[in-house]
Amino acid sequence: MRTDTPWSTLPARDHLLAGAVDAAGVPVLDVVVPVFNEEKDLEPCVLRLHDHLARTFPYAFRITVADNASTDRTPQVAARLAAALPRVRSYRLAEKGRGRALRTVWSHSEAPVLAYMDVDLSTDLNALLPLVAPLISGHSDLAIGSRLARSSRVVRGSKREFISRAYNLILRSSLAARFSDAQCGFKAVRREVAQRLLPMVEDTGWFFDTEMLVLAERAGLRIHEVPVDWVDDPGSTVHIVRTATEDLKGVWRVGRALAVGALPLDRLARPFGDDPRDRALSGVPRGLARQLVGFCVVGALSTLFYLALYSLFRLGVGPQVANGGALLVSAVANTAGNRRLTFGVRGRGGAVRHQAQGLVVFAIGLALTSGSLAALGAASGSPSHGTELAVLIAANLAATVLRFLLFRAWVFPERASGGPVASAASAAPASAGRADDTHHELGNVR
C-alpha cells in the first residue's frame, strides 16, 4: 500500500510495471465475483472465468468469490474452488449487499487493478482485457462496460431494456451524469482510486456502482467505457421494483449532497501536472479563454439576477438603497459561481476568505454604480427608471472588467506552476470516512 501520498491528492497515473508486480507475488488484476445463494451458478462461472483468464490474460490475476451471507451451499462451493485452484480465493461476509461485498474485498486487496463481474457472466468475457487495459496503461482511473453504446450487442427483454434506459436518463437529467450505463455488472478501478473513493460511497447495495461513478465523474476522474456483448439471464433473482426504488432514493441522496457541497471531492484530485492542461505551453495562455467564457456566463446570469433584485427593491426603497442591496446579494452569488465554475475551486476550504475578498470587489463595483447614479441624479434631477437601468448597465460593464482582473490576480490567483491556488482544506488529511462496513472482520478467509 502506498503511504507517501497525502489524502488530498491521488498519485499521477503511471503504467503498471507488470514484471515488478509479478516479482512481488502480487496479481495485477483481482476480479471479484459477489454472490448470494448462487450454489448452482458459482462453479461454472468461476471455472469459465479462470479458463478465460489463464488463456488470454497476459498478467498475473486472481479471482475472489465474495459470498455475502448466503444461506445455501454457496460457501462450501466457494471453499472447494479456492482449494482446487491456486488463483481463486473466497471471502465470507456476514451481511448482505453487493456494494458491501465489493467495498470490503477491494479495501483489502493488494492488486493494483480491481474489477468485478456478475456471477451469471451475462457479459462476454472478451471485453475483460479491453476493460482493464486503460487502467494498466495509466490512461484511465475507472472503466465500465456499456450495454447502451452503439456498437454493443445486447439480447434482453423489452421490460429490462426500458428500465435500464429510463434509469440512465434519470441520471443524466438529475445528476448530469455523462457515462452511458451505470448498472452493467462489469467494472474496474485502479486501486489507489478505490482507496480514496470507497470511503465516500455510502450505499451497500445495488446503487453502489452508480454512486461511485457519479462521485468519480464529478471529481474529474477519467472513466473509460467499453461496448460489450450482453445476454440477459432469464433466471436472475434481482428484484427489479425494489432495486429501482432503492436506486431512486440513492439518486436523491447523492443529488442533495452534491447540491449542498457535502462531499469532499477535492480528496480525489490529481497532483498538479498530471493533466496536460496544467502545462505551460508557449503561445497558449493557461486557462484564460476558458476562464473568460465561464466569467461571462456567470456575469450574465448574475447581472440578470441583480437587475431583477433592483427592480424588486426599487418598489419600496430609494435607488441607492435598492442598488446596494441588489448588488450585495448578487455579488455573493457571483463570487460563489466564479469560484466553482470559472476558476475551478472545489471544496469548502477558503470559501469565507474568497467571499470576503469578493465583497471588497463588490465595494469597488458599488462605488462605480452608486457614483453613476449620483451623477445621473445631479444631471437630470428625476431620471426615469429606464434611464437608471441603462446607466447601471454601463457602469456594471466597467465594473465587470475590473472584477475579472481582480478575481484572476487577487481572489483566485494562479500558482507559480500554473494552476489555481488550492484551498486550505485540500491540503489537510482527509477524515477516516465511512468505516462501518470496512471495520467488519472478514470471516473464513480461505
Heavy atoms only: give me the nearest [X]-[Y] pair and the separation to one decimal.
X    : Y    : result
V317 : A322 : CG2-N, 3.7 Å
G255 : L175 : CA-CD2, 3.4 Å
G294 : N338 : O-OD1, 4.4 Å
D203 : R103 : O-NH2, 3.1 Å

Crowded around W410 CH2? As in, over 12 foreign heavy atoms under 6.0 Å?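 Result for CH2/W410: enclosed.
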
Is atom CZ of R172 surrounded by more than 12 heavy atoms (other residues, nucleotides or ligands) closer than 6.0 Å?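 Yes.
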
Do R191 and W106 meet the cation-pi criteria used here (NZ or CZ under 6.0 Å from the six-membered ring centre, within 45° of the axis)?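 Cation-pi check for R191 and W106: fails.
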
Can a cation-pi geometry be assigned to K96 and F36, taking NZ or CZ under 6.0 Å from the six-membered ring centre and within 45° of the ring axis?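 Yes, K96 lies over the aromatic ring of F36.
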
For H385 and Y310, take the angle between the two ring planes, folded into 0 to 90°, and tell me which bin it lands in: parallel under 30, tilted 30 to 60, perpendicular over 60.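 Ring orientation, 0 to 90° scale: parallel.
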
Would you say the side chain of [Y] lies within less than 4.5 Å of the side chain of [X], judging by non-hydrogen atoms?
X    : Y    : result
Y91  : V65  : no
S180 : S146 : yes
R156 : S122 : no

Determine, for [X] against [Y], whether the closest basic-nitrogen to carboxylate-oxygen distance falls under 4.0 angstrom.
X    : Y    : answer
E192 : R196 : no
E211 : R253 : yes
D124 : R153 : no

May I ask you to decide if L135's main-chain N or O and H139's side chain share a donor-acceptor pair within less than 3.5 Å?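 Absent.
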
Nearest 0.5 angstrom please: Q320 CD to S370 OG, how far?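 If I round to the nearest 0.5 Å, the distance is 4.5 Å.
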
Report the C-alpha separation of F57 and Y59 in whole Å, then their side-chain angles, then the decisive distance to 0.1 Å, and conclude whether the ring-ring contact (aromatic ring centres under 6.0 Å, His included) test is met. CA-CA 6 Å; F57 194 69; Y59 306 102; 5.6 Å; yes

Using side-chain hydrogen bond (donor to acceptor under 3.5 Å, both in side chains) as the criterion, point out the one residue from D247, D209, T210 that pairs with Q183.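 It is D247, the one option of D247, D209, T210 that forms the side-chain hydrogen bond (donor to acceptor under 3.5 Å, both in side chains) with Q183.
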
